[in-house]
Each structure stands twice: as C-alpha cells, then as structure tokens.
Amino acid sequence: MANGYNGKILHVNLTSGQMSVEEPDDAFYRKYMGGSAMAMHYLLNDIPAGVDPLGPDNVLVLALSVVTGTAISGQSRMTAAAKSPLTGAIGDSQGGGFFPAELKFAGFDAIVIKGKAEKPVYLWINEGSYELRDAAHLWGKITGEAERYIKKELGDNKVEVLQIGPAGEKGVRFAGIFSMSNRANGRTGMGAVMGSKNLKAVVVRGKKRPDVADKEGLRKLAKWGVTHLKDSGIAGLGKFGTAETTGANQVLGTLPTYNYNSGVFDKWEAIDGTTMYDTVLKGAAEGKQDRIGRDTCYACTVRCKRVVEITEGKYKVDPKYGGPEYETTSTFGNYCAVDDLAAISKANELCNKYGMDTISCGATISWAFEAFNEGKLTLDDTDGLDLTWGNA
Ligand code: SF4
C-alpha cells in the first residue's frame, strides 16, 4: 500500500446494518487520491439519478487525504460529500480539528454511508474494528452534551466525535456536521443528509500512524515551519484568526454589508480579528489569550482557531463552542450591519450547539434584515422582532 494510506475504505449500509471493508489497489489511490476526488468517485458511481437528497438512496462520503494524520501543519482536514439538500447539486464541505487525523489512526481512509437506520445510531470505530450503537438517548441533544455522553459511555475522553446537532436531525437544509462541538463541515447541508439517515455521530479512536516515505525529511519540514512561522505572512492568521482579513476586505470594497448591497462597513474595526483578540478571546483580560484563547487542529503550529469566552453582559459565551471565523463575523456582522462582537460570538455558539452552518444561517438572517428594512417584512411577520439594520 502507498505511504500515507491505510488502504481501507469502510462501507456502511444503515438500512441493513451491514458493513464491509474495501481494500482498493494502488492504482485507485493514484487516481482518486482522497478528499473530494475520492468522494466524487463514490457519489458519481453509487447515487441513482434523481435521488432525493434526504432520502435513503443518497450517499454520504467522509474522505481523508494522503497527508491526513502526518505530523505537519494544515493536514487534518476531511471532506464530507453527498447530493446537497440545499442546492440539489453535489454537496462538498471541508472540516478540520482532530477527527480527520484520528479517523486515519483508527484505520480508514474514507467512510461510505448508505441507507437509513431504523432508529438513531452512531458508528463507533476503534482501532480498525467498527460497530453501530444505539443513539436514541443522544437524539435531540445539543453537540456539547452529546459529545459528553458519548465520551462517558465509551469511557474514553480521547475519542473524537463527529456529529450532527438538532438542526441536522430536523432536516434544516443548511445543517452541518461538527467535531469538538466547534469544527464544522458546515457547507451544503451535509448535516441534514446525515440526520436523514438517522446517523447521530461517527466516533473514532486509533493509534496507527500512517507510514511516510521520508520520515526525517517530513520532521525537518515541520520543524522549519515552526521556526519560520513567526516571520511569515501567516503569523497574523495564527494570532488574529481568519477575521484578520476583515480590514483587507474593507479596503478592497469586498466586505459584504447590508446583505451585500454594499462592500464596505464603516464599523468594521469593531468586529475584526484584532478586536476579537483584544477583547473576547478567552484570557484576553489577563493577556493570556495566546495561550488559552487560541486552539489548533492535529499537529498544526498555526493555531488559528478562536476560543471566545464571555462571562458577563447580555451575551454570555461558552468557550466549548469555539469562536467565530471571518465568514461568521461577516455574515452575522457586516452582512447585518451588526458591530457587536459579543452578539456575533453568541450567534456562533448557537450555530455550533444546534449544528448549523454559520454562513448560510447568517446570510439568511441578513436577507430577513433587508426584507424588513425594505418594508417587505413587518413586525407582525417577525413576531415583534425589530430587524432594523444593526440591531443585535
Ligand atoms: S489550526 Fe488553522 S491553519 Fe491549522 S489546520 Fe486548523 S484551521 Fe488550518
């Protein structure tokens, strides 16, 4: 088997409960490699024409890349793909965290999921073995709670849990799939597809590290990255997160504002990455945010993930649910002309708790803001909610 891969794809039929392991040859891996390309192979071959995206015949693929699980920055990513209930076309969404690497360690390069379970289940993959377990007691639970239950049930705090929230269970068309309760395969409604299959979660644990052709070369490269990061162009991404790009978009006139009727937001500095770093990141008040207000994905030295904690005021925010990316500050912020970082962080927390894509959710809300401000929606329509631009 080529380096980097396990040489194993797990096939799960939730209707019959049958599971099997495919062991493709090297030619397959050379052709489809992993991630979206490998996922498309299964989608195009296995999904019947005209399939209902939320029906049992849709196929959900979770696929890793050749480098996932190696000890170098940026590799712990996973594609989730299926026919999208949001667009009716191919849905394809990437997410990070520790789940992708752990799935590789657990012995598989991809999971192909078909059918629909009779009752809610979760898939437990442990060191190459796999089983479907009852998830009736987890159905309806928010992500943080479900994750806690699963870890307790399996007696292992180090399992990685990829799951849907109540939004995915209820078929919200922009529901995502989440790990760590704050890392999202957010786009194109993959959480709704998973929910339509009665699959609450995929839980993984493993210790098998992928083989690498030149271990020493990779180690040197990773070390070079650590040494040069602080002087590189991505040092700011690590320190200020993806919301660092808010100012650049403002300058370019590409900061979507008023539901993208404008490309500039005069209050952008209130919600950009620097302000987030200085105010709402966990530990910011004591100057400890670099240590406790930033998080990472497996083996990544960049540490761009945000951890927001707000303990006082109108919007308290639980750090378990992470912090907003640029796309989130953008859709809940400038799209809606909202300059309140605490409110935006709360919206991010709620989306991660209930399992919704922050981009589609925020953009939909900004559409409602525009309709309200144009007089197309009234207070009667919104049950008294005042959607005047900027009202958080
Ligand atoms: S910490 Fe940031 S840069 Fe590193 S893998 Fe995760 S998302 Fe990518």
Side-chain angles (χ1 to χ4, degrees), residues 4 34-36 62-80 92-105 143 147 158 160-162 176-187 190 204 209-210 212 218-219 221-246 248 272-274 276-277 280-283 289-309 319-331 345 348-349 351-352 357-359:
S36 299
L62 308 174
L64 309 175
S65 87
V66 58
V67 292
T68 311
T70 54
I72 195 156
S73 294
Q75 47 52 51
S76 187
R77 316 290 300 173
M78 185 190 74
T79 292
D92 180 291
S93 175
Q94 278 70 43
F98 288 74
F99 180 92
E102 195 74 22
L103 174 57
K104 182 72 78 76
F105 303 158
T143 54
E147 186 173 341
K158 290 188 173 162
E160 288 297 327
V161 178
L162 182 84
I177 302 175
F178 291 74
S179 62
M180 301 169 76
S181 303
N182 59 50
R183 309 298 166 88
N185 287 81
R187 307 294 286 146
M190 296 299 97
V204 292
R209 297 300 186 262
V212 174
L218 186 73
R219 194 191 63 76
L221 194 60
K223 200 173 166 200
W224 182 91
V226 174
T227 312
H228 289 82
L229 176 71
K230 61 180 186 311
D231 302 318
S232 78
I234 57 167
L237 167 70
K239 185 168 181 179
F240 301 116
T242 48
E244 185 204 21
T245 58
T246 307
D272 79 338
T274 312
M276 200 189 309
Y277 178 87
V280 295
L281 279 202
K282 186 174 180 182
Q289 67 272 55
D290 272 319
R291 195 159 55 78
I292 59 175
R294 291 169 55 188
D295 202 357
T296 191
C297 305
Y298 173 75
C300 184
T301 192
V302 179
R303 296 177 64 234
C304 77
K305 305 305 294 182
R306 306 292 88 181
V307 181
V308 169
E309 181 175 54
K320 173 157 194 53
Y321 297 97
E325 299 283 344
Y326 161 72
E327 292 87 343
T328 311
T329 59
S330 191
T331 49
S345 300
N348 179 70
E349 179 205 82
C351 282
N352 287 348
D357 174 32
T358 57
I359 303 176

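For ligands, and for the atoms within them, numbers begin at 1 and follow the listed sequence. Computation of the quantities below employed the complete heavy-atom set of this structure, encompassing side-chain atoms and omitting hydrogens, waters and symmetry-equivalent molecules. Numbering starts at 1 and runs along the sequence shown.
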Asker: Which ligand 1 atoms are under 4.0 Å away from a heavy-atom of R77?
Answerer: 7 (S)
Asker: Looking only at heavy atoms of S73, does any of them come nearer than 4.0 Å to an atom of ligand 1?
Answerer: no
Asker: With heavy-atom distances below 4.0 Å as the criterion, list the atoms of ligand 1 near C300.
Answerer: 1 (S), 3 (S), 4 (Fe), 5 (S)
Asker: Decide side-chain hydrogen bond (donor to acceptor under 3.5 Å, both in side chains) for T79 and Q94; before the verdict, give the C-alpha distance in whole Å, the side-chain angles of both, and the deciding distance to 0.1 Å.
Answerer: CA-CA 5 Å; T79 292; Q94 278 70 43; 2.9 Å; yes
Asker: Which atoms from ligand 1 have a heavy atom of V302 less than 4.0 Å away?
Answerer: 3 (S)
Asker: Any idea which atoms of ligand 1 are less than 4.0 Å away from a heavy-atom of C297?
Answerer: 1 (S), 5 (S), 6 (Fe), 7 (S)
Asker: By number and element, which atoms of ligand 1 are closer than 4.0 Å to a non-hydrogen atom of C304?
Answerer: 1 (S), 2 (Fe), 3 (S), 7 (S)
Asker: Less than 3.5 Å apart, any donor N or O on the side chain of T242 or E325 sitting next to an acceptor on the other?
Answerer: yes
Asker: Please examine the side chains of S181 and N352, heavy atoms only from C-beta on, and report whether any two atoms are closer than 4.5 Å.
Answerer: no
Asker: Can you tell whether the side chains of D295 and R183 come within less than 4.0 Å, N to carboxylate O?
Answerer: yes
Asker: Enter the distance from Q289:CD to K239:NZ here, rounded to the nearest 0.5 Å.
Answerer: 8.0 Å
